[in-house]
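Since the structure comes first, as structure tokens, the remarks are kept for the end.
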There are 2 protein chains.
Amino acid sequence: MNAMDHVDKILTQWQQQRPDLNVAPMGTLGRLKRLNQSLMRRMEQTWAVYGLNDSSFDVLATLRREGPPYALSPSDLMASTMVTSGTMTHRLQQLEKAGLIERVKNPADGRGFLISLSEKGFALIDEAIVAHVETQAELVSGLSDEQRAQLDALLKQFLNSVEKQ
Amino acid sequence: MNAMDHVDKILTQWQQQRPDLNVAPMGTLGRLKRLNQSLMRRMEQTWAVYGLNDSSFDVLATLRREGPPYALSPSDLMASTMVTSGTMTHRLQQLEKAGLIERVKNPADGRGFLISLSEKGFALIDEAIVAHVETQAELVSGLSDEQRAQLDALLKQFLNSVEKQ
DNA sequence: ACCATATATCTTGATATCAAGATATTTTGA
DNA sequence: TCAAAATATCTTGATATCAAGATATATGGT
């Protein structure tokens with residue numbers, strides 16, 4: 001419980017080397033980063049079972065949860081997933097090559113496209129999401145429901161404050 | 001406070017499309033991921049002022065906080081920073097080219113090296129860490145000290161449970 | 001109607017990362 | 001002592017990402 005973890009050791013080292021620095025925030029941000037890294041690696045294993053990774057799962061899931069007709073523009077997808085246009089172009093190329101999405105010219109705007117789930121893409125994401133949710137449940141099982149809710153509230157406030165800054 | 005954020009909208013969409021799924025963990029993990037992404041981007045701006053990025057800062061800071069003689073093997077650095085050997089080789093090449101580290105053959109083990117901060121590397125990281133800590137303080141300023149401590153405790157337990165799994 | 005500006009997307013070039021395998025050296029066990 | 005296994009590091013090949021710039025189309029103001 002109170003045992004020193006990897007991050008505590010880092011803070012102790014800094015305190016000894018640079019006692020002038022306030023390293024408390026470093027502890028919080030360091031754990032956040034390391035936790036995220038561990039969580040991502042675990043989730044990637046589940047995605048890999050379905051031939052997916054973070055990027056491809058992200059796009060397919062965004063289209064799936066949108067509901068019928070399971071279609072968005074690349075710009076909408078960029079906004080949802082926080083990546084640049086070059087990254088989204090690349091992701092869509094891969095997914096199109098794999099036959100998981102289809103693209104049609106946007107009839108309402110000659111500059112753009114609409115990206116939609118193919119039948120194959122729909123079937124795949126609808127199956128993968130079940131395994132993904134199970135993995136996530138397992139990952140948070142070290143916290144009680146109440147602790148998870150507390151964490152949720154703190155993260156929500158934190159995220160809100162950072163995105164406003 | 002209670003306003004719907006980006007993650008809440010995602011959960012609502014899933015609930016409507018797939019009411020069979022328990023998406024509560026997805027909220028927590030989604031906020032963690034998005035928060036980490038926002039935080040990293042902000043910290044990168046500070047590192048860039050010193051010609052550094054996440055990778056190079058990470059290595060230099062690890063050597064600096066180690067204390068005299070500011071030296072570790074590539075393997076030690078890999079363990080501290082959670083990257084593969086190929087990644088560490090690449091990082092060290094860049095840092096050596098920039099004159100921020102020096103490498104000598106490990107006299108005690110002919111297979112390995114010791115990586116140490118150059119004078120230039122020491123001066124740079126000792127300056128950059130001050131700005132970095134200031135940025136971190138600003139990033140967490142949306143939480144009270146008590147909230148930050150609470151978050152810290154929850155993250156610590158969470159991290160511990162995930163790394164054990 | 002027309003031009004300037006904004007928008008949607010793609011292209012290019014550079015960097016970081018990983019997994020798998022290669023090489024050199026050390027350690028272990030019979 | 002010596003062969004087998006372990007370890008430390010590097011190399012290779014593939015992928016994902018970003019920033020900056022290019023191209024095509026749309027929109028707004030005159």
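Any value given below was found using the heavy atoms of this structure, including those in side chains, with hydrogens, waters and symmetry copies removed. Labels below follow one simple rule: chain letters A, B, ... track the order of the sequence lines, proteins then strands, and each chain is numbered from 1. Just so you know, these numbers come straight off a predicted model, no measurement behind them.
- Closest approach of B:Asp8 to B:Ala3, counting heavy atoms only: OD2-O, 3.7 Å.
- Atom pair A:Trp47:CH2 and D:dT15:P shows a separation of 19 Å (rounding to whole Å applied).
- More than 12 heavy-atom neighbours from other residues, nucleotides or ligands sit within 6.0 angstrom of CG on B:Asp20.
- Residues B:Asn106 and B:Phe113 have side chains not in contact (no heavy-atom distance under 4.5 Å, counting atoms from C-beta outward).
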Give every pair of a protein N or O atom and an N or O atom of nucleotides 16-20 of chain C that lie under 3.5 Å apart, one pair per line with the distance.
residue: C:dA16; atom: OP1; partner: B:Asn53; partner atom: ND2; Å: 2.9
residue: C:dA16; atom: O3'; partner: B:Ser55; partner atom: OG; Å: 3.4
residue: C:dT17; atom: OP1; partner: B:Ser55; partner atom: OG; Å: 3.1
residue: C:dT17; atom: OP1; partner: B:Arg91; partner atom: NH2; Å: 2.9
residue: C:dT17; atom: OP2; partner: B:Ser55; partner atom: OG; Å: 3.2
residue: C:dT17; atom: OP2; partner: B:Arg91; partner atom: NE; Å: 3.0
residue: C:dC18; atom: OP1; partner: A:Arg41; partner atom: NH2; Å: 2.9
residue: C:dC18; atom: OP2; partner: B:Thr84; partner atom: N; Å: 3.2
residue: C:dC18; atom: OP2; partner: B:Thr84; partner atom: OG1; Å: 3.2
residue: C:dC18; atom: OP2; partner: B:Thr87; partner atom: OG1; Å: 2.4

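- A salt bridge does not link B:Arg34 with B:Asp5: every distance from a Lys NZ or Arg NE/NH1/NH2 to an Asp or Glu carboxylate oxygen is 4.0 Å or more.
- When the side-chain nitrogen and oxygen atoms of A:Gln93 are compared with OP1 and OP2 of C:dC10, none of them lie within a distance under 4.0 Å.
- The separation between A:Ile115 atom CD1 and C:dT9 atom C1' is 10 Å, rounded to whole Å.
- Within 4.0 Å (heavy atoms only), B:Asn106 reaches no atom of the nucleic acid at all.
- Atoms CG (A:Asp109) and C1' (D:dA26) sit 7 Å apart, rounded to a whole Å.
- Contacts of A:Glu44 with the nucleic acid, taken as non-hydrogen atoms under 4.0 Å apart, are absent.
- Atom CG of A:Leu151 and atom CG of B:Leu155 lie 6.0 Å apart (nearest 0.5 Å).
- For A:Arg111 and C:dT9, a side-chain-to-base donor-acceptor distance below 3.5 Å is absent, hydrogens and geometry of angles not being considered.
- By the 4.0 Å N-to-carboxylate-O rule, B:Asp54 lies too far from B:Arg41 to be salt-bridged with it.
- Relative to the side chain of A:Thr89, the nucleotides C:dT9, C:dT26, D:dT9 differ in distance, and C:dT9 lies closest.
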